[in-house]
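Data block below; observations after.
Throughout, residue positions are numbered sequentially from 1 according to the sequence presented.
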Amino acid sequence: MIVILKKNAEQQQVELFDSWLHNMGLETHMSVGENHTIVGLVGDTSQVDIESIMALDIVETVKRIQEPYKNANRKFHEADTVITLPGGAKIGGGHFLVMAGPCSVETEEQIISVAQAVKAAGAQVLRGGAFKPRTSPYAFQGLHEEGIRLLLKAREATGLPIVTEIMDAQHLPLFEEIDIIQVGARNMQNFELLKQLGKLHKPVLIKRGMANTLQELLMSAEYVMAGGNDQVILCERGIRTFETATRNTMDLSVIPVLHQLSHLPVVVDPSHATGRYQLVAPMALGATACGADGLIIEVHNDPEHALCDGPQSLRPEKFADMMAKVRAIRPYSDHSFTTGQAVLDGGAGNG
């Protein structure tokens, strides 16, 4: 349920109204806009008398909503959420962010070399896997704690914030210095993990499961936000369908749909969506044109010998070409991009 207050509502009246709702056992989420204050009621609202609320002088209207997610719902939070990372890079609310790097951290030389290359091309965040969920138990599972250490060394060398995937809540102590914690598609509904991430005060990127609806994705975000952490980024990485020409089926329509449903930033992972490096750039451009708030791209300096997902990884020079085309769609004059030369010269340039 949401309650829209009148523009001229006095602060004392608003506070009394908020206290009254809390006494009824409800939690409230207030969003103050230019013309209205929107109060979201979280809890059992089945016994709330709408007529009693409508009778209050400060109330303009009351609406019941059907969606089970409250904190992630745009009806409760009209303005886009903007997340600021260490170093000043932003995502959401018109700020476009590109995350790039290898699927897996392999060696110190590899991760630092790729980090320097993607930064020079304009990426603002380094991605890299230390823990890798793999279908086969015999496949490379990542370097684990050593991979985290190497990611931190790459951050020290380049200044790029880090995004990497967590597999288990028991690993949280290893992620204390990580800038963005990624929840992979297989863990999207690991609710106990999501609850623990809700206790943190750092961004959490949640990838949509390969067979999950958008409402289920938003409910996963709700788990994190219900714990008090409102820094959530939604990620579309393709879903499993009957089509076999690509690794997954990438549905670009989810970008505007998610923007209608939620205020949270939306990024797209065309690498996992397609599974083929030849398709990454076209789908990245399509996602950019559709209004995505960012991209997460796999880049490797030697894809043929990559220990994980080499066929979907761009070489650094291909990534730089893609970034130039992305900037043609989202010009960096809006300060959401840094140019390669500005990065090499040490310029800030982030939105």
Side-chain angles (χ1 to χ4, degrees), residues 1-83 92 169 172 181 183 187-204 206 209 212-234 257-265:
M1 178 182 291
I2 60 174
V3 180
I4 301 177
L5 304 183
K6 294 177 181 177
K7 184 177 182 181
N8 59 353
E10 295 182 1
Q11 184 60 32
Q12 183 179 4
Q13 292 177 298
V14 174
E15 292 175 358
L16 288 172
F17 177 59
D18 188 55
S19 177
W20 178 58
L21 292 171
H22 279 89
N23 289 336
M24 294 173 62
L26 300 171
E27 296 295 324
T28 59
H29 182 282
M30 288 205 182
S31 178
V32 181
E34 293 183 8
N35 299 314
H36 297 94
T37 295
I38 299 175
V39 184
L41 277 56
V42 182
D44 183 9
T45 61
S46 61
Q47 304 300 317
V48 175
D49 185 353
I50 291 181
E51 297 299 326
S52 296
I53 296 179
M54 282 293 297
L56 299 175
D57 290 338
I58 63 171
V59 174
E60 181 171 300
T61 187
V62 181
K63 297 180 180 179
R64 288 194 182 273
I65 64 170
Q66 300 302 315
E67 298 90 355
Y69 50 93
K70 314 296 182 183
N71 293 292
N73 200 317
R74 189 176 286 279
K75 292 178 181 177
F76 286 172
H77 193 293
E78 289 185 338
D80 290 339
T81 287
V82 178
I83 297 173
L172 273 173
I181 297 180
V183 176
N187 267 319
M188 190 203 88
Q189 291 185 306
N190 183 340
F191 301 124
E192 292 304 315
L193 173 61
L194 297 176
K195 289 177 185 178
Q196 293 302 313
L197 296 176
K199 300 177 182 179
L200 305 181
H201 298 285
K202 64 172 61 182
V204 175
I206 304 178
N212 288 107
T213 65
L214 295 187
Q215 177 163 300
E216 289 168 338
L217 172 61
L218 289 168
M219 287 304 296
S220 293
E222 191 75 11
Y223 263 93
V224 177
M225 300 179 77
N229 185 358
D230 60 359
Q231 299 185 77
V232 178
I233 302 168
L234 306 173
V257 172
L258 283 173
H259 279 148
Q260 290 175 3
L261 297 175
S262 178
H263 52 88
L264 298 174

Side-chain donor-acceptor pair present, Gln189, Asn212, cut-off under 3.5 Å: yes
Over 12 non-hydrogen atoms of neighbours within 6.0 angstrom of CD in Glu216: yes
Asp57 atom CG, over 12 foreign heavy atoms within 6.0 Å: no
Rounded distance (nearest 0.5 Å) linking atom CG of Leu218 with atom CG of Leu234: 6.0 Å
Side chain to side chain, Phe17 and Ile53, heavy atoms closer than 4.5 Å: yes
Side chain to side chain contact (heavy atoms under 4.5 Å, CB included) partner of Lys75, the single match among Glu67, His263, Lys63, Lys70: Glu67
Check: Leu5 main-chain N/O paired with Thr37 side-chain donor or acceptor under 3.5 Å: no
Evaluation steps, side-chain contact (heavy atoms from CB on, under 4.5 Å), between Leu197 and Ile206: CA-CA 11 Å; Leu197 296 176; Ile206 304 178; over 6 Å; no
N/O donor-acceptor pair under 3.5 Å between Ser262 side chain and Ala72 backbone: yes
For the student: nearest non-hydrogen atoms of Ala221 and Leu264, plus distance: CB-CD1, 4.0 Å
Val3 vs Leu56 side-chain heavy atoms within contact, under 4.5 Å: no
Side-chain donor/acceptor of Asn229 to backbone N/O of Pro203, under 3.5 Å: no
Plane angle bin for His29 and Phe76 - parallel if under 30°, tilted between 30 and 60°, otherwise perpendicular: parallel
Glu60 atom CD, over 12 foreign heavy atoms within 6.0 Å: yes
Min side-chain heavy-atom separation Pro68-Glu222 under 4.5 Å: no
Ile58 CD1 to Lys6 NZ distance, which is reported to the nearest 0.5 Å: 9.5 Å
Nearest heavy-atom neighbours spanning Val204 and Val224: CG2-CG1, 4.4 Å
Separation between CD1 of Ile181 and CD of Gln196, rounded to the nearest 0.5 Å: 11.0 Å
Smallest separation among heavy atoms of Val232 and Pro265, with atom names: O-CD, 3.4 Å
Between CG on residue Leu261 and CZ on residue Arg74, distance to nearest 0.5 Å: 9.0 Å
Close side-chain approach of Leu41 and Met24, heavy atoms under 4.5 Å: no
Distance (rounded to the nearest 0.5 Å) between Leu217 CG and Met188 CE: 5.5 Å
Test item: Asp18 side-chain N/O and Val14 main-chain N/O as donor-acceptor pair under 3.5 Å: no
Main-chain N/O of Asp230 paired to Asn71 side chain as donor or acceptor, under 3.5 Å: no
Gln13 CD to Leu16 CG distance, which is reported to the nearest 0.5 Å: 8.0 Å
Verdict with reasoning, Gln231 to Leu200, per side-chain contact (heavy atoms from CB on, under 4.5 Å): CA-CA 9 Å; Gln231 299 185 77; Leu200 305 181; over 6 Å; no
